[in-house]
Amino acid sequence: MLSIEQIINEPEIVRQKLVDRGEDPPIEEMIELDARRRALVHEGDELRAKRNEVSRGIGQSGGKPSPEQIAEMRSVGDRIKVIETEQEEIQQELHDLLIVLPNLPKDTVPVGPDEDSNVIVREGPPPGERDFDVEPNWDFADRTGIFDLAAGAKMSGARFYVLKGKGAALQRALSDWMLDVHTREHGYIEIAPPFMVRSETMTASGNLPKFADELFHDEEDDLWLIPTSEVALNYLHSGEIIEPGALPLKYVAHTPCFRRERTAAGRDTRGIKRVHQFEKVEMFQFVDPDQSGGVLDGMVDDAIDLCERLGLPWRLLALATGDISFQSAQTYDLEVWSPGIEEWLEVSSLSNCTDFQARRSNTRFRPEEGAGTGFVHSLNGSGLALPRMVIAILENYQQADGTVSIPEVLRPYTGFDSIG
RNA sequence: GGAGGGGUGGCCGAGUGGUUUAAGGCGCCUGUCUUGAAAACAGGUUUACCGGCGACGGUAACGCAGGUUCGAAUCCUGUCCCCUCCGCCA
């Protein structure tokens, strides 16, 4: 959520940044609503002050109000009720306008309407040359039986799949290894959150109210399946004031992610690249607002580190204003090359959400003892998305004889050296 | 799923319609005393919003949301959460 103070103080900057994202924000309307809200708050406060004063007097003089007092206070009470109702309506109106506005992109974000304006900012070593054709992961899977799309479709429908045998073990090895690197070397605390959350939680992360279509929802208990553990982690300190010195808070979680993929209905229908349920290791940090820029770079390094240790060809993209996610002020996508399908696969999206999610979840901090409170900054990034890492390993580690050798770092976790 | 109990400040805990402007205690901060500390004593100790250049003044919040009332921590309704017992169950 954007702050109304900022909208009032620098309306043209806010407008331009939202226009860069393809929005047409009702700036004047919001300013006008807030002015009316303030006037009503003021009038209501004064009436309540009067009521409090008279009530105190009645209490002090024995507790029996005169008929005149009752009549007068009844009309004051009626007026307060009218003002409160009007104030609530206006606040709701303003809230409804604010809650659907995305975060403001940072000045350094490339301006452009869509992904064509994304910029490659860092690259790992180039993909190696091979003297044989790499088999696409789905063909390899059919041949070896390590994942089964038909079985997934049979039990759950399109875009579900079943991992089997060494396929399941490879994914488990990857997630265990990633968690170990993040917790033992990168300084993250492991969290195992619920996979279902309330509407408030989903709203705080920015997924509701605008993106309900992309989510699975249980009507009976009004619970939402998380599309990423970011949603749960963002709510971990909701309503709290984090004490001086406690930041940064670095969390990592390994959860399934549930996505309806409605807007991407026709895209990536083959294989396990885009599915309704997948697993992901997610990094999440709450930080001092002064630190968030540098922390994002550090989080990017944490994600790249995994690709490097696995020896996968990678590149890093700075997403354009029209391509960053709703809650983000700045996003990098980390992609790895997969030589069988000949595609760059997005295995991590890393975002600085500044105070956007903290406002929605009411997560504050105290910079130092005795100081006032402020909203924290939140950052998230995959570290990393598992099905796509499985694809990348199956294709990058494929040998001329049609087998896949397991990356050295994963062998202690898999207990086997090759598949196929 | 059934029955019962409960949610009050950083913590414990009193408070069943009006001097509650939330008692009392603990913790924490400041001061007096002391070589220093402790003890004792005194004062202070939330968050958000509105008005004001400011000193400051006002309003709200007793899980949350409604309602009754001139007036609600207190009464009513709903809801969320916690605890105990029963049932079921990985």
Side-chain angles (χ1 to χ4, degrees), chain A residues 1-9 30-96 98-99 192-204 208-209 217-224 232 235-247 255-256 286 289 355 357-376:
Chain A
M1 185 125 76
L2 301 180
S3 91
I4 188 67
E5 289 80 18
Q6 186 183 13
I7 292 170
I8 290 166
N9 292 335
M30 291 188 290
I31 292 174
E32 166 64 18
L33 283 171
D34 190 63
R36 285 168 62 198
R37 181 192 66 83
R38 277 208 307 279
L40 288 167
V41 166
H42 190 57
E43 191 179 352
D45 280 357
E46 302 216 308
L47 288 168
R48 273 187 291 269
K50 175 166 189 183
R51 183 173 71 184
N52 287 345
E53 190 188 328
V54 173
S55 288
R56 208 172 295 133
I58 292 169
Q60 282 166 358
S61 59
K64 286 279 169 262
S66 68
E68 292 78 18
Q69 280 174 318
I70 289 178
E72 189 193 357
M73 285 305 103
R74 185 173 284 152
S75 82
V76 168
D78 290 347
R79 178 71 187 143
I80 288 173
K81 191 147 288 179
V82 168
I83 286 170
E84 279 177 348
T85 303
E86 198 177 337
Q87 186 193 324
E88 275 161 28
E89 282 168 8
I90 284 176
Q91 255 161 357
Q92 188 61 46
E93 243 179 283
L94 182 58
H95 178 264
D96 290 349
L98 281 169
I99 203 77
F195 306 155
M196 304 174 92
V197 298
R198 292 212 177 103
S199 297
E200 297 77 45
T201 309
M202 203 57 99
T203 304
L208 287 179
H217 180 228
D218 170 59
E219 294 283 341
E220 201 167 1
D221 291 303
D222 193 21
L223 287 170
W224 302 80
Y235 219 65
L236 202 55
H237 297 289
S238 169
E240 298 179 17
I241 297 171
I242 295 161
E243 289 308 310
L247 296 178
T255 70
F286 295 104
D355 62 358
Q357 291 179 321
R359 287 180 182 281
R360 291 163 87 110
S361 65
N362 190 26
T363 305
R364 292 173 291 169
F365 78 112
R366 201 182 297 285
E368 52 191 273
E369 241 16 279
T373 65
F375 289 106
V376 300

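Within every chain, numbering begins at 1; the chains are lettered A, B, ... in the order of the sequence lines, protein sequences first and strands thereafter.
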Taking the [atom1] atom of each, how far is [N] from [M], in whole Å?
N     : M     : atom1 : answer
B:C11 : B:G27 : P     : 16 Å
B:C86 : B:C28 : P     : 42 Å
B:C12 : B:A60 : C1'   : 26 Å

Counter-base of [N], judged by Watson-Crick or G-U geometry with both distances under 3.5 Å:
N     : value
B:C26 : B:G10
B:U47 : B:A60
B:G66 : B:C76
B:A3  : B:U84

Task: A:E53 CD - B:G18 C1' separation (whole Å) - done: 15 Å
- [ ] Report yes if at least one side-chain N or O of A:R51 is closer than 4.0 Å to OP1 or OP2 of B:U59; otherwise report no.
- [x]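 Answer no for this pair, as no side-chain N or O of A:R51 is under 4.0 Å from OP1 or OP2.
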Open item on the list: Do the side chains of A:R48 and A:E84 get close enough for a salt bridge, i.e. N-O under 4.0 angstrom?
Closed with: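 Answer for the salt bridge query: yes.
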Open item on the list: If the threshold is 4.0 Å, N to carboxylate O, is there a salt bridge linking A:D78 and A:K81?
Closed with: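 No salt bridge links A:D78 with A:K81.
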TODO: Using a 4.0 Å heavy-atom cut-off across all strands, classify A:K50 as base, sugar-phosphate, or nothing.
DONE: nothing
